[in-house]
Number of protein chains: 2
Amino acid sequence: MASSLERRSGVSLWRQIADQILHSIAVGDFAENAALPPEVALAERYGVNRHTVRSAIAALVQDGVLRAEQGRGTFVLSRKRLSYPIGARTRFSEGLQGQASERRSVLLESAVEPASRRVAEGLGLAKGSTVIRLETRGEADGEPVSRATGWFDAGRFAGIDAAMAETGSVTASFQRFGIGDYLRQSTVLSARHADAADLADLDLQPGAIVLVTIAVNVTPDGQPIQFAETRFPAERVELKLSAL
Amino acid sequence: MASSLERRSGVSLWRQIADQILHSIAVGDFAENAALPPEVALAERYGVNRHTVRSAIAALVQDGVLRAEQGRGTFVLSRKRLSYPIGARTRFSEGLQGQASERRSVLLESAVEPASRRVAEGLGLAKGSTVIRLETRGEADGEPVSRATGWFDAGRFAGIDAAMAETGSVTASFQRFGIGDYLRQSTVLSARHADAADLADLDLQPGAIVLVTIAVNVTPDGQPIQFAETRFPAERVELKLSAL
DNA sequence: TATAGTTGTCTATATCAATAGACAAATTTC
DNA sequence: GAAATTTGTCTATTGATATAGACAACTATA
């Protein structure tokens, strides 16, 4: 596991080390509440100066992932990643049963606007048709775990923004429009660095990675009702694929 | 889209800008073969010095994404990402029909070793059982698009390394062991920065992101036959989820 | 053929990142 | 209480990152 570091890559060594420590915690190499190897040992493992390791640790302490105690050691605080299921009947809150005690979806913003080409195609509308855009954040135990942008046909779903604000749930909002069940028609998955807006909304540190899903939800008879792009912080969430 | 930059984050400004330009290309903000805004305009947009923008562009030119021509401008070269389907019958070569004319899987290394806890659980073996590990790289039109590590029960699949080297295909190798069909039992998806080994094997630049799938393949009657971790370069591949 | 617009190169300076070494402060162990 | 272990703080030096300004080289076009 001597994954070495890249110099003059534009990413500082301390950040690379911090990312690797985060990854080790997520993968389970360092157990929760366990002590990290001492700074001199980490410095030797990564082939860097002790001060460089200290910079990495300082960032993670600042982040609330580690706690350093003089004379004792440095300890892991972080909880492990959520495993978020994706399948034909993906619903935000249902999937996290048992993994987080409190989960909810917060409406950050809503807007009515003309559909871009991409959105229009996804929803099967003419380009420039009016759509409602909802910006939401998913939280589990008070921590942000997803950031979604969803588009809906404004003609068919007028007022869904209010319903969403009231119920805090897409599923419940759909029910008000007579849609009891819906399916995921397609999902495309990618990953990238979080942009500035997502850094702020998801409470991430610069350089963080987000998993991105682009999905179309349809009624059981195949009518598209929602086009959505969702960003998940890769350090906190993994996606578990089940039957589509 | 004035996504601002984060200073003293451990990620240099030029790399953040390079990542944003890559993202803009991927999303379609900059069309293929089109000229980027001139350096002075980009510098103003990002609120940095022109030289900083030049560093970002230089990295992307080195990367083969952009081409700069003195006196004319800077142009987008990048081809679009492969869309790699994932479903119950995922096979490397089948999925890329029509997207790449030449595709193959190269065996990089094989080893016989005791199973780690993780691998043993995935394959339903006792921890420490002997397994065969195959390291492979997938290529499309000569460009690396995946990097997989697969484990197989050494008792049942003795010689699969030789079969793989000869046929260059997992599916064909399984057929020699009497397995005509197999299914994907589970897939867990995450993302992280590429480590040094993947950077080399996938011909990536430092800071690149990889999509990681961890999957178990089973025979139609549910017997696990392969445990695999596959890394896809996020800048070249997206994953399209279909029926599992 | 000018001229405007663009990328390429150079010098200089300030700040961040990384290395190196020494020692202090706190905790645990013998 | 003494020794060993570990984190915290300080000084100093080097290289990468970022800013600033000036001008050269090349291209397109009026």
Side-chain angles (χ1 to χ4, degrees), chain A residues 3-21 30 33-77 193 196 205-207, chain B residues 3-21 30 33-77 193 196 205-207:
Chain A
S3 35
S4 56
L5 305 173
E6 301 291 329
R7 288 170 190 261
R8 48 191 104 73
S9 65
V11 182
S12 63
L13 297 181
W14 66 261
R15 174 145 292 283
Q16 292 181 58
I17 293 170
D19 287 346
Q20 290 199 17
I21 291 174
F30 301 142
N33 293 321
L36 251 60
E39 295 170 351
V40 278
L42 287 173
E44 192 169 1
R45 173 191 297 187
Y46 290 116
V48 300
N49 191 273
R50 179 183 156 225
H51 294 294
T52 306
V53 169
R54 282 181 60 75
S55 296
I57 290 176
L60 295 176
V61 167
Q62 183 67 30
D63 227 18
V65 175
L66 300 177
R67 184 185 64 247
E69 295 184 25
Q70 185 169 354
R72 294 193 65 217
T74 304
F75 302 88
V76 177
L77 293 176
H193 286 114
Q205 297 302 110
Chain B
S3 35
S4 57
L5 304 173
E6 303 288 331
R7 289 173 188 257
R8 49 190 100 73
S9 65
V11 182
S12 62
L13 296 180
W14 66 261
R15 175 146 291 285
Q16 291 181 58
I17 293 170
D19 287 345
Q20 290 200 17
I21 292 174
F30 301 141
N33 294 320
L36 251 59
E39 294 170 350
V40 279
L42 287 173
E44 191 169 2
R45 172 191 299 188
Y46 291 115
V48 300
N49 192 274
R50 180 183 154 223
H51 294 295
T52 307
V53 169
R54 283 183 59 76
S55 296
I57 289 176
L60 295 176
V61 167
Q62 183 66 28
D63 226 18
V65 175
L66 300 177
R67 184 185 64 246
E69 295 184 25
Q70 185 169 352
R72 296 193 63 217
T74 304
F75 301 88
V76 177
L77 292 176
H193 286 114
Q205 297 303 111

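Residue numbers begin at 1 in each chain, while the letters A, B, ... track the order of the sequences.
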Could you give me the CA-CA distance, side-chain angles and deciding distance for V11(B) and R15(A), then say whether side-chain contact (heavy atoms from CB on, under 4.5 Å) is met? CA-CA 7 Å; V11(B) 182; R15(A) 174 145 292 283; 3.4 Å; yes
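Each of Q70(B) and G47(A) was matched to the nucleotide of DNA chain C holding its nearest heavy atom; the match closer to the 5' end belongs to Q70(B). The residue among T52(B) and E69(A) whose nearest nucleotide of DNA chain D is located toward the 5' end is E69(A). Along DNA chain D, the nucleotide nearest to R72(B) and the one nearest to G73(A) differ in position, and the one closer to the 5' end is contacted by G73(A).
Between the CZ atom of R50(A) and the C1' atom of dT6(D) there is a distance of 8 Å, rounded to whole Å. In this structure, Q16(B) atom CD and dT17(D) atom C1' are separated by 12 Å, rounded to whole Å. H51(B) places its NE2 atom 16 Å from the P atom of dA14(C), with the value rounded to the nearest Å. In this entry the distance linking CD1 of I17(A) with P of dA17(C) reads 13 Å, nearest Å. Counting to the nearest Å, the P atom of dT9(C) and the CG atom of N49(B) are 17 Å from each other. Atom P of nucleotide dA16(D) and atom CG of L13(A) are separated by 11 Å, given to the nearest angstrom. Whole-Å rounding puts the R54(A) CZ to dC23(C) C1' distance at 13 Å. For the pair L66(B) CG and dT7(C) P, the computed distance is 11 Å after rounding to whole Å.
If you check every strand for non-hydrogen atoms under 4.0 Å, S55(A) touches nothing. Among the protein residues, V48(A) comes within range of the sugar-phosphate backbone only, with heavy atoms under 4.0 Å from sugar or phosphate atoms but none that close to a base.
Closest of all the heavy-atom pairs between A56(A) and I17(A) is CB-CG2, 3.7 Å.
Looking only at distances, no side-chain donor or acceptor of T74(B) sits under 3.5 Å from a matching main-chain atom of A68(B).
Separating the CD atom in Q16(A) from the NE2 atom in H193(B) is a distance of 8.5 Å, to the nearest 0.5 Å.
Side-chain contact check for L60(A) versus I57(A): every heavy-atom pair is 4.5 Å or farther apart.
Taking only side-chain nitrogens and oxygens, T74(B) comes nearer than 4.0 Å to OP1 or OP2 of dT7(C). The side chain of R15(A) places no N or O atom within less than 4.0 Å of a non-bridging phosphate oxygen (OP1 or OP2) of dC16(C).
Among the nucleotides dT19(D), dG8(D), dT19(C), the one closest to the side chain of A68(A) is dG8(D).
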